[in-house]
Amino acid sequence: MWEPGDADHRRLGAWSFVRRGDEIADIRLGDAPVLRAVRAVIRDRDWNTPELVVEQIEQTATTLTLRVRSRGHGSSFAGTVQIAVAADGPDEVLVVRCDLGTADAFDTNRTGLVVLHHPTLAGAALTVTHSDGSTERTAFPRAISPHQPVVDIEGLAWMHAGLAIDVRFEGDVFEMEDQRNWTDASFKTYSRPLSLPFPVALEAGARIVQAVTVSVRAAAPPPVAEPLATPVENVALITAGPFPEIALGAATAPGPPPDADDEAAPLTVLVELDLGWPGWPAALERAARPGTRLDVRLLLPSAPDARAATADALDRAVAALAHRDVVRLGAFWGDGEAAHVADREATSLLRAALARAGKPLATASVIGGVRTHFTQLNRERRRVDDTTDGIAFSVTPLFHSTETAQLVESLAIQRLVSSQAVVLAAGAPVHIGPITLRPRVNDVATTPPARPATDDVSGGYGAALIAPADERQRSEELAAWMIASAAALAVPGVASLTFFEEWGPRGIRDENAVAYPVAGAVRALAELAGRTLLYGGSRDGLLWVVGAIDDGAATLLAANLGDTDRTLTVHGGLDRTLSVPAGTWVRSAP
């Protein structure tokens, strides 16, 4: 199984939680869930996150003190994160305090405590206390909220699992965002408000001191919950629309492509071409191997006084694509007000370039949307051209956290995101991808993106220069995760799913063409494309099944991301039973 990480189960009085590094996760009073997590975070001027290393742990009957020191991104913070508990009349109280000082000057966009709330609170009533003492009655958003659902927070109160929960914040003004936008399984309350200027220049010796006080009392008998993980899971599959096309991202790793093996039948390859970088023709040439269909995303320079140069760059790109098998084509701004968005102007410039070129790319679909997270599609939908042949966005579950738990918990939120994207697309096909573990682009950076110093791909480009590779890419469990991700994302209206890269550290095989386990999942999913989709849900977010049917013959793929073996019985005219060992996936065919 995947390594669970630094999972240290702790108890303080009536409270329990799991310590993962400096994160205090799965906070419970007795057996009742209270908070998803509380942790101290540091974000630099580009929203990169220095690691907080726990150097020492001290525990008493009522306190747990973590002595921490930051590492990475030019940071030099040190201090404590302390958890203390007490009983105050009918209330049980837990307080998390952080006291962090920086030895050197540091530009930060956010430093302090963040609180994560369970996604199951969606739709629950919420009372907000503002910094002026006034109160407001609202609710946790049910649909994924594009913008901050609550601002100017000093306190929050809600009911959950029979408990009245009250949370107070000290040390700054806080606000809430809907982290489901990034497929995180949480709402997040944090400081500093994004409406204030950033970064903030901290002087050497500056301290950040904050506290979160959680008061809980029993207010009603807790609901009797049916166990989520049962010995035999019953799943009803629905027949609806075509199974999505399965595609791969173009390799961004250094070096020439490996020789393809017989099992590596060409799929559609999604390649991003940064027209502001002279080496984009080399990236195209490497991706456009014989027999490969291309999904091309053009990244445009956005200076308003350089539209003629942008048009010239588009003409050159269209000419280079003229004799390629291009199935989809989109143009996205590389920076500026509409950065990473295929807005009306970018799409218009692309269509004009296609018109000037004549017929060579007449069969390619022109798509819009965004090249980054659903977040941006949700927030920038008004900018996107409504007349395109499809809407695109990507999925990167490890954007905020690199924990394996986050990777698994994102699956249920991926279903929510894909369903909401189909609604936003209003009948246009939805293209999801690239789907990668770690970010391919820092869409919130205040500094320009890294580009190769040369005009070739010998040193890699794009994602290879942005984020480190993830060792889980080579794991057996990632194959199960990919099947589960496809099952979560494949809803009616989703036309294609693009996963990972062709080869390299972010790919489905290494630089010598040796396949990682995930390559088998790619083949199994690709075989279903074009048949009629069979899809259903997951009760606990750990056991997923997806399939396709053709002439009455159904093929099913099931994945188990849990740590115990599971059995599922599929209904909906199929009546088939599958046994799925922990951390694996299985295929069931007639």
Q: Kindly determine whether His340 and Glu380 satisfy side-chain contact (heavy atoms from CB on, under 4.5 Å), including the steps that lead there.
A: CA-CA 10 Å; His340 312 297; Glu380 304 286 356; over 6 Å; no

Q) Step by step, would you call Leu156 with His117 a side-chain contact (heavy atoms from CB on, under 4.5 Å)? A) CA-CA 11 Å; Leu156 297 171; His117 311 271; 3.9 Å; yes

Q | Test log, rule side-chain contact (heavy atoms from CB on, under 4.5 Å), inputs Val128 and Met176 | A | CA-CA 11 Å; Val128 184; Met176 181 187 294; over 6 Å; no

Q | Audit row: Leu94, Ile27, side-chain contact (heavy atoms from CB on, under 4.5 Å) steps and yes/no | A | CA-CA 10 Å; Leu94 178 143; Ile27 299 172; 4.3 Å; yes

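Environment of CD in Gln56: crowded, with over 12 heavy atoms of neighbouring residues, nucleotides or ligands closer than 6.0 Å. Applying the 6.0 Å contact sphere to CD of Glu203 captures no more than 12 heavy atoms from other residues, nucleotides or ligands.
Ionic pairing of Glu501 and Arg506 is not present here: no N-O contact between side-chain nitrogen and carboxylate oxygen is shorter than 4.0 angstrom. A salt bridge links Arg10 with Asp8: at least one charged nitrogen is closer than 4.0 Å to a carboxylate oxygen. A salt bridge links Lys188 with Glu177: the distance from a Lys NZ or Arg NE/NH1/NH2 to an Asp or Glu carboxylate oxygen falls below 4.0 Å.
Residues Gln414 and Ser485 bring a donor and an acceptor atom of their side chains to less than 3.5 Å of each other. Side-chain polar atoms of Asn234 and His571 form a donor-acceptor pair below 3.5 angstrom.
Taking the side chain as every heavy atom from C-beta outward, Tyr516 and Val522 never approach each other to under 4.5 Å. By the 4.5 Å heavy-atom criterion applied to side chains, Asp91 and Asp166 are not counted as neighbours. When side chains are defined from C-beta on, Ser195 does not count as touching Gln148, because their heavy atoms never get closer than 4.5 Å. Counting heavy atoms from C-beta on, the side chains of Asn48 and Asn442 come closer than 4.5 Å. Counting heavy atoms from C-beta on, the side chains of Glu233 and Asp540 never come closer than 4.5 Å. No side-chain heavy atom of Val34 sits under 4.5 Å from any side-chain heavy atom of His160. Side-chain contact between Val395 and Pro397 is present, with heavy atoms from C-beta onward closer than 4.5 Å. In this structure, the side chains of Leu556 and Leu237 come closer than 4.5 Å at one or more pairs of heavy atoms.
Within the structure, salt bridge (charged side-chain N to carboxylate O under 4.0 Å, His left out) contacts touching residues 108-118 (residues at least two apart or in different chains) do not occur. Residues in residues 32-54 take part in these ring pair (Phe, Tyr, Trp, His ring centres under 6.0 Å) pairs, two or more places apart or across chains: Trp47-Phe198. For residues 132-155, the set of pairs meeting the salt bridge (charged side-chain N to carboxylate O under 4.0 Å, His left out) definition, not counting sequence neighbours, is empty.
For the residue pair Val81 and Ala40, the shortest heavy atom distance occurs at CG2-CB, 4.0 Å. Of all the heavy atoms in Arg587 and Leu557, the pair that sits closest is CG-CD2, 3.6 Å. In terms of heavy-atom proximity, Asp565 sits nearest to Pro581 at OD1-CA, 3.4 Å. Of all heavy-atom pairs between Pro199 and Arg45, the closest is CG-NH1, 3.5 Å. Residues Thr183 and Gln406 share a closest heavy-atom pair of O-NE2, 3.8 Å. In this structure, Ile24 and Leu66 approach most closely via the heavy-atom pair CD1-CD1, 4.3 Å.
Separating the OG1 atom in Thr65 from the CD1 atom in Ile57 is a distance of 10.5 Å, to the nearest 0.5 Å. Here CG of Asp178 is found 8.5 Å from CG of Asn378. Values are rounded to the nearest 0.5 Å. Once rounded to the nearest 0.5 Å, the distance linking CD of Glu477 with CG of Asn560 reads 11.0 Å. In this structure, CD1 on Ile413 lies 13.5 Å from CH2 on Trp182, to the nearest 0.5 angstrom. Of the inter-residue distances, the one linking Asp443 atom CG with Thr375 atom OG1 reads 7.5 Å to the nearest 0.5 angstrom. Distance check, rounded to the nearest 0.5 Å: CZ of Arg379 to CG of Asn181 gives 6.0 Å.
Taking the six-membered ring where tryptophan is involved, the planes of Phe140 and Phe187 are tilted, since the angle between them lies from 30° to 60°. Ring geometry for Phe106 versus Phe77: interplanar angle over 60°, hence perpendicular rather than tilted (30 to 60°).
The side chain to side chain donor-acceptor pair (under 3.5 Å) check on Ser418 picks up nothing, with sequence neighbours excluded. Looking at residues two or more places apart in sequence or on another chain, you find a side chain to side chain donor-acceptor pair (under 3.5 Å) between Thr111 and Thr108. Looking at residues two or more places apart in sequence or on another chain, you find a side chain to side chain donor-acceptor pair (under 3.5 Å) between His400 and Gln179, Asp184.
Although no hydrogens or angles enter the test, the distance criterion places no donor-acceptor pair under 3.5 Å between the side chain of Asp26 and the main chain of Phe17. For Trp481 (side chain) and Leu407 (main-chain N/O), a donor-acceptor pair under 3.5 Å exists by modelled atom type. Thr436 places no side-chain N or O within 3.5 Å of a backbone atom of Thr396 that could act as its donor or acceptor partner. Gln376 places a side-chain N or O within 3.5 Å of a backbone atom of Ala339 that can act as its donor or acceptor partner. Of the possible donor and acceptor atoms, none in the side chain of Thr80 sits under 3.5 Å from a partner among the backbone N and O of Gln82. No donor-acceptor pair under 3.5 Å is formed between the side chain of Ser75 and the backbone N or O of Pro50. A donor-acceptor contact shorter than 3.5 Å links the side chain of Arg415 to the backbone of Ala488. Formation of a donor-acceptor pair under 3.5 Å by the Asp44 side chain with backbone atoms of Asp107 is not found in this model. At distances below 3.5 Å, at least one donor-acceptor pair connects side-chain atoms of Glu175 with backbone N or O atoms of Leu194. In this structure, the side chain of Asp470 engages the main chain of Arg472 through a donor-acceptor pair within 3.5 Å.
Remark: of the listed residues Thr129, Thr213, Thr189, Leu113, Thr189 is the sole one forming a side-chain contact (heavy atoms from CB on, under 4.5 Å) with Phe169.
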